[in-house]
Amino acid sequence: MSQGYDLTSLNAAFAARFPDSAGPVRVARAPGRLNLLGEHTDYNGGFVLPIALNRACYAAFAAREGSVRVWAEAYGESDEFNPADPERDDTRLWANYVRGVAWALGEAGVAVPGGDLLLTGDIPLSAGVSSSAAVETACGLAFLALAGVEMPGRDLALLCQKAENQFVGVNCGIMDQFAVGLCTEGHALLLDCRSLETRNVPLAAGAPVFFVLDTAKPRELAESGYNERRAQCESAARHFGVPTLREVTREQIERDKELLGDVVYRRCRHVLTENERVLQALDVMGAGDWAAFGRLLDGSHFSLKDDYEVSCEELDIICALAREQEGCLGARMVGAGFGGCAMAAVERAAVDEFAATLAPRYHAATGREPRIFAVEAAAGAGLCR
Ligand code: GLA
């Protein structure tokens with residue numbers, strides 16, 4: 001467990017928040033995720049390669065009669081709803097992630113009983129490391145445990161995505177929920193988003209350290225920009241008469257470049273080259289060639305910046321500054337883009353210097369206070385007890 005989230009302190013926090021709860025208190029843990037490569041490929045039936053973070057959302061929970069009561073530590077706010085009929089709440093977005101999972105479980109035939117839930121954790125919010133999928137998954141595990149129902153991780157991942165798409169109303173792909181639910185310690189997870197097949201890819205001892213570089217630039221245009229990119233990809237797939245861009249080749253987009261138009265052509269080129277980069281990454285990781293892996297990270301960034309146009313000034317600056325630093329093998333923006341986080345791969349020997357030097361340089365260039373932290377490939381979600 002991360003520091004500060006041992007079971008004893010979670011228990012104490014729960015008892016302080018819900019003094020009338022009869023217990024016993026159980027705990028679900030669901031980590032954030034960092035996608036090493038394969039950005040904006042999931043909803044195009046492509047490949048992604050995330051790791052689960054050693055930073056997580058914890059749901060401490062216990063059964064109760066009647067409603068579900070929730071306390072969200074990060075917001076200092078509570079919620080209460082009827083688990084048999086969860087309704088959308090337009091005043092607090094975070095609450096819909098909890099209610100949405102109860103709703104999706106109900107749709108799947110799971111009768112979610114009453115309960116008290118305390119949500120806490122150390123995943124930075126709104127930063128591109130999937131705190132939302134972590135909240136969904138932690139709540140899903142808690143509700144399933146309260147209902148006494150077992151569900152395979154991939155089914156829970158699909159259910160959480162459904163909650164986010166249909167209840168919360170965010171049009172995300174499947175990467176985040178799969179990463180949070182199915183990653184294993186010391187491995188990246190290769191997910192084929194067409195077949196939903198997964199493979200654990202070991203991060204050998206010689207692997208670099210991965211850093212999350214949070215630009216502190218809010219992701220203002222993320223939702224509209226994201227939906228627009230999806231629509232552009234879908235229109236290109238329709239043009240080729242296939243379900244997703246996964247079925248399209250480089251030759252086809254070159255041949256139809258004029259018909260697609262420059263913008264859609266470049267969107268396609270990003271998706272196709274990004275899928276190629278994920279497959280190349282598997283080879284270079286297997287060979288322990290982390291310098292080549294770093295070049296793939298840089299290639300991904302420039303493709304996201306120039307072809308997919310989802311980067312922003314702050315993301316470009318933090319990646320450029322990172323690349324100048326001793327021992328940095330490569331850097332790229334991660335997640336939906338338009339702000340939020342980037343990541344860098346850094347040789348172990350250079351780790352201390354990296355964070356200490358990059359933060360003031362980024363601050364000097366942008367006036368923003370970045371959050372820079374190293375992460376480890378941790379286990380996916382599960383019940384702690
Ligand atoms: C967001 C979505 C994911 C994925 C990424 C881009 O994080 O939630 O499903 O599409 O953007 O790779």
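Ligands are counted one by one from 1 in listed order, and the atoms in each one are counted from 1 as well. Positions are given from 1 along the sequence.
- Using modelled atom types and a 3.5 Å distance limit, the side chains of His270 and Asp306 yield no donor-acceptor pair.
- For atom 12 (O) of ligand 1, the nearest non-hydrogen atom from the set Gln177, Glu39, Arg33 belongs to Glu39.
- Of all the atoms in ligand 1, the ones that sit under 4.0 Å from a non-hydrogen atom of Met175 are 4 (C), 5 (C), 12 (O).
- By the 6.0 Å and 45° rule, Arg55 stacks over the aromatic ring of Phe373.
- The closest protein non-hydrogen atom to atom 2 (C) of ligand 1 is Tyr226 OH, 3.4 Å.
- Ring to ring, Trp94 and Tyr97 are not that close: their centroids are 6.0 angstrom or more apart.
- Side-chain contact, Gln177 with Thr137: no donor N or O sits under 3.5 Å from an acceptor N or O.
- An N or O contact shorter than 3.5 Å links Gly173 to ligand 1 by distance.
- Among all protein heavy atoms, the one lying closest to atom 8 (O) of ligand 1 is Asp176 OD2, 2.7 Å.
- Side-chain N/O atoms of Glu254 and Tyr265 include a donor and acceptor closer than 3.5 Å.
- Between the choices Val334, Leu304, Asp42, the shortest heavy-atom distance to atom 4 (C) of ligand 1 belongs to Asp42.
- Annotation for ligand 1: atoms under 4.0 Å from non-hydrogen atoms of Tyr43 are 10 (O).
- Taking the charged nitrogens against the carboxylate oxygens, Arg267 and Glu309 do have a contact shorter than 4.0 Å, which makes a salt bridge.
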